[in-house]
**Q** 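Please see the structure below; I have some questions.
Each chain gets a letter, A, B and so on, in the order its sequence line appears, and its residues count up from 1. None of these values were measured; they are calculated from a predicted model.
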Protein chains: 2
Amino acid sequence: MKLSKSEEQLMQYIWENGQAFMNELLEMYPDPKPASTTVATLLKRMTDKGYIGYKQLGRSRRYYPLVKKSDYFSRHINNLIQKYFDNSPANFASFFTTETDLTEEQLKELQQIVEQELKRRHQ
Amino acid sequence: MKLSKSEEQLMQYIWENGQAFMNELLEMYPDPKPASTTVATLLKRMTDKGYIGYKQLGRSRRYYPLVKKSDYFSRHINNLIQKYFDNSPANFASFFTTETDLTEEQLKELQQIVEQELKRRHQ
DNA sequence: TTTTATATTCTACATTTGTAGAAAATGATC
DNA sequence: GATCATTTTCTACAAATGTAGAATATAAAA
């Protein structure tokens, strides 16, 4: 079962930290912060959905991700590519390169990355 | 206001065609097709949200997109980058390059694209 | 050990979404 | 003009979502 929008948002915070207590997570929200029970509800739902686990420590729980961000994202992006680019990563790349606001710096970086990857495959 | 999942799906069909009548859209669904009223509901909601318009022709309407796919997608992808890659397209690119199933062919294509874009910026 | 602070769960409720039947509208056909 | 076919709108409803108060549990502090 998928994470909802706001669960995903919270998940980000957990990924960022690797682990976190509820109150720490609450901290991370920009003002106006949600009610703590709201976060608690989300945490419970996310636990039920199997995206996070926790270790009970004293009176509270330290939550941690059960799903790697890269895995979650990977599913996500492949969906996206499928949906918007007729399942062609190349189409996507093309779009990506021209339509996002990459600086020249970043383009060069990307060039490096591609080269690297090509090299990697040849050894 | 954003399109929901199933509205987005329908939007794809409309983008693909440039324009379409309700019954044509219904056709495009794989079996089991939804009830025609379901599609009709979606079309109405999408119209209300301002994503599509229509031209009345005889007893029915020819719907067409009011939002370009590339624009819609652009917003989408920039969101994604922001959410998952700390607002760094380069991070994203890196991930993209290594984690999607690009063939060597496609990687080279991407290389071309980047090069092209760099060149373009220098003239 | 009583009180307090806070985390967790329960309950609640409005909104959005997916889905579609019932009803209405209206052009097409006989 | 009456009937038919089909589109569109209305109405409906269950499920998911965003949000949070009330109630409960329990560790920490006094």
Side-chain angles (χ1 to χ4, degrees), chain A residues 1-14 17 19-67 72 75-76 79-80 83, chain B residues 1-14 17 19-67 72 75-76 79-80 83:
Chain A
M1 199 178 188
K2 235 189 88 57
L3 290 176
S4 78
K5 211 86 192 168
S6 62
E7 287 162 356
E8 220 174 79
Q9 153 87 84
L10 183 49
M11 196 69 188
Q12 291 290 344
Y13 295 148
I14 298 172
N17 276 51
Q19 51 179 46
F21 292 96
M22 198 257 263
N23 73 89
E24 294 174 325
L25 291 168
L26 192 52
E27 287 298 300
M28 303 184 79
Y29 279 88
D31 294 311
K33 302 192 194 308
S36 65
T37 51
T38 298
V39 176
T41 300
L42 294 178
L43 287 171
K44 182 156 184 28
R45 288 181 184 167
M46 289 158 78
T47 305
D48 292 346
K49 289 182 180 177
Y51 281 90
I52 57 177
Y54 58 81
K55 179 165 172 49
Q56 191 79 41
L57 287 179
R59 72 166 165 252
S60 45
R61 302 168 176 179
R62 194 177 56 204
Y63 295 92
Y64 56 85
L66 291 178
V67 177
Y72 185 81
R75 241 180 305 152
H76 225 271
N79 258 347
L80 209 75
K83 264 199 318 194
Chain B
M1 197 178 190
K2 234 189 88 60
L3 290 176
S4 77
K5 212 86 191 168
S6 63
E7 287 163 355
E8 220 174 78
Q9 154 87 84
L10 183 50
M11 196 69 188
Q12 291 289 345
Y13 295 149
I14 297 172
N17 277 51
Q19 52 180 46
F21 292 95
M22 198 257 263
N23 72 89
E24 294 174 326
L25 291 169
L26 191 53
E27 287 297 300
M28 303 184 80
Y29 280 87
D31 294 311
K33 302 191 194 311
S36 65
T37 51
T38 298
V39 176
T41 300
L42 294 178
L43 287 172
K44 182 157 184 29
R45 288 181 184 167
M46 289 159 78
T47 305
D48 292 346
K49 289 182 180 177
Y51 281 90
I52 57 177
Y54 58 81
K55 180 166 171 48
Q56 191 79 41
L57 287 178
R59 73 166 163 253
S60 46
R61 302 170 177 178
R62 194 176 58 204
Y63 296 92
Y64 55 85
L66 292 178
V67 177
Y72 184 80
R75 241 180 306 154
H76 224 271
N79 259 345
L80 209 76
K83 265 199 317 193

**Q** Among pairs that include at least one residue of residues 23-32 of chain A, which meet salt bridge (Lys or Arg N to Asp or Glu O under 4.0 Å), considering only residues two or more places apart or in two chains?
**A** A/Asp31-A/Lys33
**Q** Give me the distances for all protein-to-nucleotides 7-11 of chain C N/O pairs that come in under 3.5 Å?
**A**
unit_1: C/dT8; atom_1: OP1; unit_2: A/Arg61; atom_2: N; d: 2.8
unit_1: C/dT8; atom_1: O3'; unit_2: A/Arg61; atom_2: NH2; d: 3.1
unit_1: C/dT9; atom_1: OP1; unit_2: A/Arg61; atom_2: NH1; d: 3.4
unit_1: C/dT9; atom_1: OP1; unit_2: A/Arg61; atom_2: NH2; d: 2.9
unit_1: C/dT9; atom_1: OP2; unit_2: A/Arg61; atom_2: NH1; d: 3.3

**Q** Can you pull the side chain to side chain donor-acceptor pair (under 3.5 Å) pairs that have at least one residue in residues 40-49 of chain B, sequence neighbours excluded?
**A** B/Glu7-B/Lys49
**Q** Among all residues two or more places apart in sequence or in another chain, which pass the side-chain contact (heavy atoms from CB on, under 4.5 Å) test with B/Asn17?
**A** B/Ala20, B/Met28
**Q** Taking only N and O in the side chain of A/Thr38, is any of them less than 4.0 Å away from OP1 or OP2 of D/dG18?
**A** no
**Q** Can you list the residues that meet the side chain to side chain donor-acceptor pair (under 3.5 Å) rule with A/Tyr54, with sequence neighbours excluded?
**A** none
**Q** Whole Å only: how far is the CG atom of B/Leu42 from the P atom of D/dC10?
**A** 16 Å
**Q** For A/Glu24 and C/dT6, give me the distance from atom CD to atom C1', rounded to whole Å.
**A** 14 Å
**Q** What residues form a side chain to side chain donor-acceptor pair (under 3.5 Å) with B/Tyr13, not counting sequence neighbours?
**A** B/Gln9
**Q** Is A/Ser4 near enough to D/dA16 that one of its side-chain N or O atoms lies under 4.0 angstrom from OP1 or OP2?
**A** no
**Q** A/Leu25 has an atom CG; how far is it from atom P of C/dT6, in whole Å?
**A** 17 Å
**Q** Measure the shortest side-chain to side-chain distance between A/Pro65 and A/Met11 over non-hydrogen atoms and say whether it is less than 4.5 angstrom.
**A** yes
**Q** Return the value, rounded to whole Å, for the distance between atom CE of B/Met46 and atom P of C/dG18.
**A** 11 Å
**Q** To the nearest 0.5 Å, what is the distance between CD (B/Glu8) and CG (B/Leu42)?
**A** 12.0 Å
**Q** On the nucleotide D/dT17, are OP1 or OP2 found under 4.0 Å from the side-chain N or O atoms that A/Lys49 carries?
**A** yes
**Q** Between A/Lys2 (NZ) and D/dA16 (C1'), how many Å, whole number?
**A** 13 Å
**Q** Rounded to the nearest Å, what distance is computed from the CD atom of residue A/Gln9 to the C1' atom of nucleotide D/dG18?
**A** 13 Å
**Q** Grab the CG-P distance between B/Leu26 and D/dA5 for me, whole Å please.
**A** 18 Å
**Q** Within this structure, what is the NZ-to-C1' distance between B/Lys5 and D/dT17, rounded to whole angstrom?
**A** 14 Å
